[in-house]
Enquirer: 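Below you'll find the structure I mean.
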Number of protein chains: 2
Amino acid sequence: MAGAQKKKPTIRDIANLVGVHHSTVSRALDAEQRRKISPKVVRQVENAAQKLGYTPNIAASALRRNRSFAVGVLVPDITNPVFPPILRGIQDVAEAQGYTVIISNTDDAAMKEQSAFRMMQGRAIEGMIIATARLDDPIVEECKRNGIPFVLVNRTVGETGVNAVVVDEDFGVRAALDHLLGLGHSKIAHIAGPLDTSTGASRKRSFEAYMKLHDLDATFVESTKKFTVEEGRAACARLLERGGEFTAIVAGNDLIALGCIDALEAAGRSVPGDVSVVGGNDIPMLSRMVPALTTVKIPKYEMGSQATSILFDSIDGKDRDPLVIRLQPSLIVRDSTGPANR
Amino acid sequence: MAGAQKKKPTIRDIANLVGVHHSTVSRALDAEQRRKISPKVVRQVENAAQKLGYTPNIAASALRRNRSFAVGVLVPDITNPVFPPILRGIQDVAEAQGYTVIISNTDDAAMKEQSAFRMMQGRAIEGMIIATARLDDPIVEECKRNGIPFVLVNRTVGETGVNAVVVDEDFGVRAALDHLLGLGHSKIAHIAGPLDTSTGASRKRSFEAYMKLHDLDATFVESTKKFTVEEGRAACARLLERGGEFTAIVAGNDLIALGCIDALEAAGRSVPGDVSVVGGNDIPMLSRMVPALTTVKIPKYEMGSQATSILFDSIDGKDRDPLVIRLQPSLIVRDSTGPANR
DNA sequence: GCGAAAAATGCACTCGTGTGCATATATGTG
DNA sequence: CACATATATGCACACGAGTGCATTTTTCGC
């Protein structure tokens, strides 16, 4: 019994069982070509396939048709709660199309991005979904040069002419600010994410523009090097050292917001008593913390699924113009924001 | 320039350029076989490969050698915060070995497991890491039957003779109970996870055994169908309806614990004032909720990385005896547990 | 400088699917 | 029933890389 190493059945095995040529089996199993085969044979083939536990050898199919039925996904860190829902969106759509998804974590490090990209190229992926884009991104350049279809998700690049599914950042920032203004705040700070990412830079830009629109001072601004709690804490500490008199913070995302809350409480300021804090993205569980975080929720799953649909259109050669989809975020008001008391 | 569709160069192109047979090129590029080829030719081949921008066609190689340099991972739901760290552990080890990881979500549904498994078989994965095992698991059976190397992670199956990296559940449950006993609790309930999973069943078994050891009543026990907040809430509600006088709950995992807290508070019982709650796994962010959850922390990343190392040993034919590694969990005491007040 | 052993390379076939083209069988029409 | 026309199936080769074996070339000992 040991090491029986049962060989996987092939279409030839099915062909022998049914008593037809393997090419007939190949056609019977292909939805496109099935109509060329008599219904009786199709049924027999399907039964035999079932009985033998046949699974197609994708490598062979990929070789013959010069398609891999695989797409690659570049993600900064799967451990960051924003990404798993996006990945689910990607996988659900991709697998429904018979595609395999290859995910790699890059930790936002150029070297890891490169090596992950090489690995995926070696696997002849038919397209890429890139969640790691910086405003000036070498991987995006390389995809363009090599003619590999790709779609950016969540973050985009500086230049135009690419496919991307992102959040309407301007809308989100305005919603957050409208909320704070409505509560009577006017001295509002912003802790931006990394400025070499579109999410970091454009939220900052929107913040400054909308503050200006309301004739408010937009000088309480700091930025972080990464979208992490620690960076948020440090940036908020810098802000506090500057000794400003702000009563609210719009944070670059939820993790940064948590850092802000840590720093504020360490400095003896209560949230939302002394300072209100708005986060971004709406990662799970933060509704259960105290104070429950007010945040700009983004449609993570949809971003993933839509990006993937676009990618498939692009792979299938439906070459429409480069498409940028901006999904609407929504403000979730919880307990980390309250009336200004000065 | 449009649609130039440059065909990828093959070893035959290299062969023509250098003026040798393509089999020579194949050998020159294979570290194992390179010694059979004259150094001069090897150099020429490498230069030509470089010049043409040759990348091997993995599909062809996989087909011929029946090796894919890919491993499959079956996970219930990447969106559940326990899994991302495990996946990082897996990916970091696998990619360091030049392997690609293919992840699929099964939602603990037999049909999705089957189709994901088929897809991976089609890709000729060389091994599997299975985080979805139930005590009686058809996928595990199929791996065994087909001689596919595999390692279970987090959950294991009923039978012995398999590779697995799991948590020392007994130790964890005892630590939780010792903690509660030390706080003066004696009427302790348990909301188990699904009893067809090892984590659900063995935590329950350990609970009952340890309670018995202390001559305590272990009848306040309910179980859930899934490891979710909603299921935890429902199970705890059932427990409350039974009208028992318990002062503490050991929950099957953190999500179930959250459900318990919801149900308790809905019933007007405070945590930890009236009832203490201990969770399991230690998923991120729960240290920030109020009350911060006391939980049994498990080494997630290590489980993933160790499982992968074992898998590679198994793939490489280092056939040691089936290996079960039990990693030590640790109790993290936070605010959801307190002294018994009756 | 001859012969044998060793090293280098070529040949031909394999892996499992897919597909254009040829052939065989069924269907329809007058 | 003959003949044209669909319809169904078989045949053979392609895809790119890898490998056992045969063949050629080199090396080396005497």
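A note on names: the letters A, B, ... follow the listed sequences, proteins ahead of strands, and every chain is numbered from 1.
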Enquirer: Between D:dG16 atom P and B:I11 atom CD1, what is the distance in whole Å?
Expert: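 Distance, rounded to whole Å: 10 Å.
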
Enquirer: For A:L152, which of A:V166, A:I130, A:T132 qualifies under side chain to side chain contact (heavy atoms under 4.5 Å, CB included)?
Expert: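 So the option named by the test is A:I130.
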
Enquirer: Atom CD of B:E32 and atom P of D:dA17: how far apart are they, to the nearest Å?
Expert: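 To the nearest whole Å, that distance equals 18 Å.
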
Enquirer: What are the two closest non-hydrogen atoms of A:V75 and A:A131, and how far apart are they?
Expert: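 For A:V75 versus A:A131, the nearest heavy atoms are CG2-CB, 4.3 Å.
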
Enquirer: Can you name the residues that form a ring-ring contact (aromatic ring centres under 6.0 Å, His included) with A:F312, not counting sequence neighbours?
Expert: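 Per chain and number, A:F312 pairs via ring-ring contact (aromatic ring centres under 6.0 Å, His included) with A:Y99.
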
Enquirer: Using chain A heavy atoms and a threshold of under 4.0 Å, write down where along DNA chain C the contacts begin and end, 5' to 3'.
Expert: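 Reading along DNA chain C, I get C:dG16 to C:dG20.
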
Enquirer: Can you give me the bend angle of the helix from C:dG1-D:dC30 to C:dG30-D:dC1? Use the axis through the first five pairs and the one through the last five, nearest 10 degrees.
Expert: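 End axes: 30° apart.
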
Enquirer: Is there a donor-acceptor pair under 3.5 Å between the side chain of B:Q91 and the backbone N or O of A:I103?
Expert: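 Yes, the answer is positive, given that a donor and an acceptor are paired below the 3.5 Å cut-off.
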
Enquirer: So does B:R155 pair up with B:D196, basic N to acidic O under 4.0 Å?
Expert: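 No, B:R155 and B:D196 are not salt-bridged.
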
Enquirer: Shortest non-hydrogen contact from B:G127 to B:I148?
Expert: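 Between these two residues, the closest heavy atoms are CA-CG2, 4.2 Å.
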
Enquirer: Could you give the CG-to-P distance, from B:N57 to D:dC15, as a whole number of Å?
Expert: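 So the two atoms are 12 Å apart, to the nearest Å.
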
Enquirer: With a 4.0 Å cut-off, would you call B:R118 and B:E142 a salt bridge?
Expert: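 Judged by the 4.0 Å cut-off on N to carboxylate O distance, B:R118 and B:E142 do form a salt bridge.
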
Enquirer: Taking side-chain hydrogen bond (donor to acceptor under 3.5 Å, both in side chains) as the definition, give me every residue that meets it alongside A:K112, ordered by chain and number, with sequence neighbours left out.
Expert: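 In terms of side-chain hydrogen bond (donor to acceptor under 3.5 Å, both in side chains), with neighbours along the sequence ignored, A:K112 is linked to A:D107.
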
Enquirer: Select from B:I58 and A:R35 the residue whose nearest nucleotide in DNA chain D is closer to the 5' end of that strand.
Expert: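 Result: A:R35.
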
Enquirer: Give me each pair satisfying side-chain hydrogen bond (donor to acceptor under 3.5 Å, both in side chains) with a member in residues 36-51 of chain B, each pair once, sequence neighbours excluded.
Expert: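 Not a single pair qualifies under side-chain hydrogen bond (donor to acceptor under 3.5 Å, both in side chains).
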
Enquirer: Taking any heavy-atom pair under 4.0 Å as a contact, classify A:R34: base, sugar-phosphate, or nothing.
Expert: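 Contact class for A:R34: none.
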
Enquirer: Can you give one letter per nucleotide of nucleotides 9-14 of chain D, 5' to 3': B if a protein heavy atom sits under 4.0 Å from the base, S if only from the sugar-phosphate, - if neither?
Expert: BBBB-B

Enquirer: Taking atom CG of B:L311 and atom CD of B:E126, what is their separation to the nearest 0.5 Å?
Expert: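 Result: 9.0 Å between the selected atoms.
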
Enquirer: Quickly work out the B:K8 NZ to D:dG16 P distance and round it to whole Å.
Expert: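 Taking atom P of D:dG16 as the reference, NZ of B:K8 is at 10 Å.
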
Enquirer: Base, sugar-phosphate or nothing for B:S26? Non-hydrogen atoms, less than 4.0 Å.
Expert: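 Base contact.
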
Enquirer: Considering only NZ, NE, NH1 and NH2 on the basic side and carboxylate oxygens on the acidic side, decide whether A:R88 and B:D77 come within less than 4.0 Å.
Expert: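 The answer is yes: the pair qualifies as a salt bridge.
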
